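As structure tokens, the structure follows; a few thoughts come after it.
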Number of protein chains: 2
Amino acid sequence: MTEKDKQTEDKIFDAATEVFIEKGMDGARMQDIADRAGMNKSLLHYYYRSKDRLFNAVFEMIAMKMLKKFAPVFDANVLFEDKIRFFFREHISFLQKNPRLPAFLLNEINRNPSRIKQFMANIDIESFWMILFTQHKEELKKYHITRENIPQVMTILVAITVFPFAARGLLKEILAKQNLKFDDFLEDRKTFAADFVISALQNMHLSTAEDESKTKNHDEKKRT
Amino acid sequence: MTEKDKQTEDKIFDAATEVFIEKGMDGARMQDIADRAGMNKSLLHYYYRSKDRLFNAVFEMIAMKMLKKFAPVFDANVLFEDKIRFFFREHISFLQKNPRLPAFLLNEINRNPSRIKQFMANIDIESFWMILFTQHKEELKKYHITRENIPQVMTILVAITVFPFAARGLLKEILAKQNLKFDDFLEDRKTFAADFVISALQNMHLSTAEDESKTKNHDEKKRT
DNA sequence: AAATAGTTTAACCAGGCGGTCAAAATTACA
DNA sequence: TGTAATTTTGACCGCCTGGTTAAACTATTT
């Protein structure tokens, strides 16, 4: 009866995913998950042994789901600027369909940092930086982006897409006061963010002399 | 003995702040707070009645602490670009001293969205937009930033500063693989982020023709 | 059809939780 | 100093939690 097996096991998994995302590991209740799956609480333990193991299964699946979306960064023969446009368009679209994933992951990682290993076990960061740097060596040089600055830029990219979802409730409310809708905001953001970042990259060498020596200089001159 | 009163009440509050930031509302235990304050658990109820009220006091204080940092945005007679530099420098410095505040606030708001009111009760968003727009009308026009795009830009600013702290554990690990230290990353970010954003603003009109008509014209299929 | 193996259930723990309370200790006041 | 008021304590309570178990139920095999 493997058929029925998978059926109930999946029902548990799906219900657990819902509840864990909604309430978090600490706030979630096994009884709540059982109710939502429409079955007896003991079945959760029959298939997953403990709350911890059930949560880990859910966490692993969500982490993978999130990480998979970064794969296109490795595509060869694509201009850096096109990757940026593609990233913002696709990643924001993905998060529109899964708006609670960022907050879930960030919170659970902060709550239990040992899960970072679980999250990073499936990615090879070193080769990520390598591929990115070698694939776009010329373009990055043109932008005056040094090797040490790549993380700064990448963090800006991720921050711009992820943060609005992590602060979703707050941002919704703030936008509403200006008669703006969150969904319209996101739709605009797909292109605005790309234009913004590309504009910054193309022109950073004009507005700054990126020497460390300049760091604390307050008086700047008027622009051209 | 109002002196001793304040003393123990503050000890409770401080211990509660620690524990709530560390474990969150759901994960925090009254006994844990009492232990950390070095007193009997009943005293927490004597001074704060319930876990809920104690948490609310802590949440309110942290929300205010965070919001106060946005006040300089209202300063008159300061160039927009200088405000941006000031913002990144001061806000990142503030968060370096309070690195867990963003994750705490974001999580608790997501977990219980009704707290948004509590968070926003102390700020007047409408006049925030108004002041910002009128104070920097000329500069924003020069940047080709329309009224509707201001939230996009502001969200980018906040995202760039806050996200690294919300994803602190993860980012630390990622940077370590490139032999970079989180603190150095933040130090660099104070100036890099400012240069990046200002560069973007100064040159967006060059790289884009920001007509609304263009916004949705990418050769993709019609959206919903 | 009977025995076997796998699935689902209800009843039931032990421990931990937020919260209460009466008594003890301390302080304030006359 | 004596007494009233306040602060602090430990013992306690009812409830909820994750988890267990034996029995009931269902499907599979012979």
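Because the structure is predicted, anything quoted here is derived from the model rather than measured. Naming: A, B, ... by sequence-line order, numbering from 1 per chain.
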Would you please test A:F185 and A:K172 for side-chain contact (heavy atoms from CB on, under 4.5 Å) and show each step? CA-CA 9 Å; A:F185 173 86; A:K172 253 183 187 161; over 6 Å; no
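Overall bending of the helix from C:dA1-D:dT30 to C:dA30-D:dT1, expressed as the angle between end axes built from five pairs apiece, is 0° (10° steps).
Considering all non-hydrogen atoms of both residues, B:L106 and A:A167 come closest at CD2-CB, 3.6 Å. Shortest non-hydrogen contact noted between B:P164 and B:R189 is CG-NE, 3.6 Å. In terms of heavy atoms, B:D82 sits closest to B:V78 at CB-CG1, 3.8 Å. A pairwise comparison of heavy atoms in B:K65 and B:N98 identifies NZ-OD1, 3.1 Å as the closest pair.
No close placement of the B:F20 and B:F104 rings is indicated, their centers lying 6.0 Å or farther apart.
Between B:H91 and B:F87, the two ring planes are parallel [angle under 30°; tilted spans 30° to 60°].
B:Q7 has its CD atom 11 Å from the P atom of C:dT27, to the nearest Å. For A:I12 and C:dT9, the CD1 to P distance is 10 Å, given to the nearest whole Å. Whole-Å rounding puts the B:H45 NE2 to D:dT9 P distance at 15 Å. Look at CD on A:Q31: it is 12 Å from P on C:dT9, rounded to the nearest Å. Atoms NZ (B:K23) and C1' (C:dC17) sit 14 Å apart, rounded to a whole Å. Distance CG (A:D26) to P (D:dG18): 10 Å, rounded to an integer number of Å. The CG atom of A:D32 sits 13 Å away from the C1' atom of D:dC16 (whole-angstrom rounding). Rounded to whole angstrom, the span from the NZ atom of A:K51 across to the C1' atom of D:dT20 amounts to 17 Å.
A close approach under 4.0 Å does not occur between any side-chain nitrogen or oxygen of B:R29 and OP1 or OP2 of C:dG16. At the phosphate of D:dT9, neither OP1 nor OP2 sits under 4.0 Å from any side-chain N or O atom of B:Y46.
Checked against D:dT8, C:dT20, D:dT20, the side chain of B:T8 finds its nearest nucleotide in D:dT8.
Annotation: proximity of residues 33-44 of chain A to DNA chain D (heavy atom, distance under 4.0 Å) is found for A:K41, A:S42, numbered in ascending order.
Note: A:R100 CZ to A:E18 CD = 10.5 Å, rounded to the nearest 0.5 Å.
A salt bridge links A:D195 with A:R85: at least one charged nitrogen is closer than 4.0 Å to a carboxylate oxygen.
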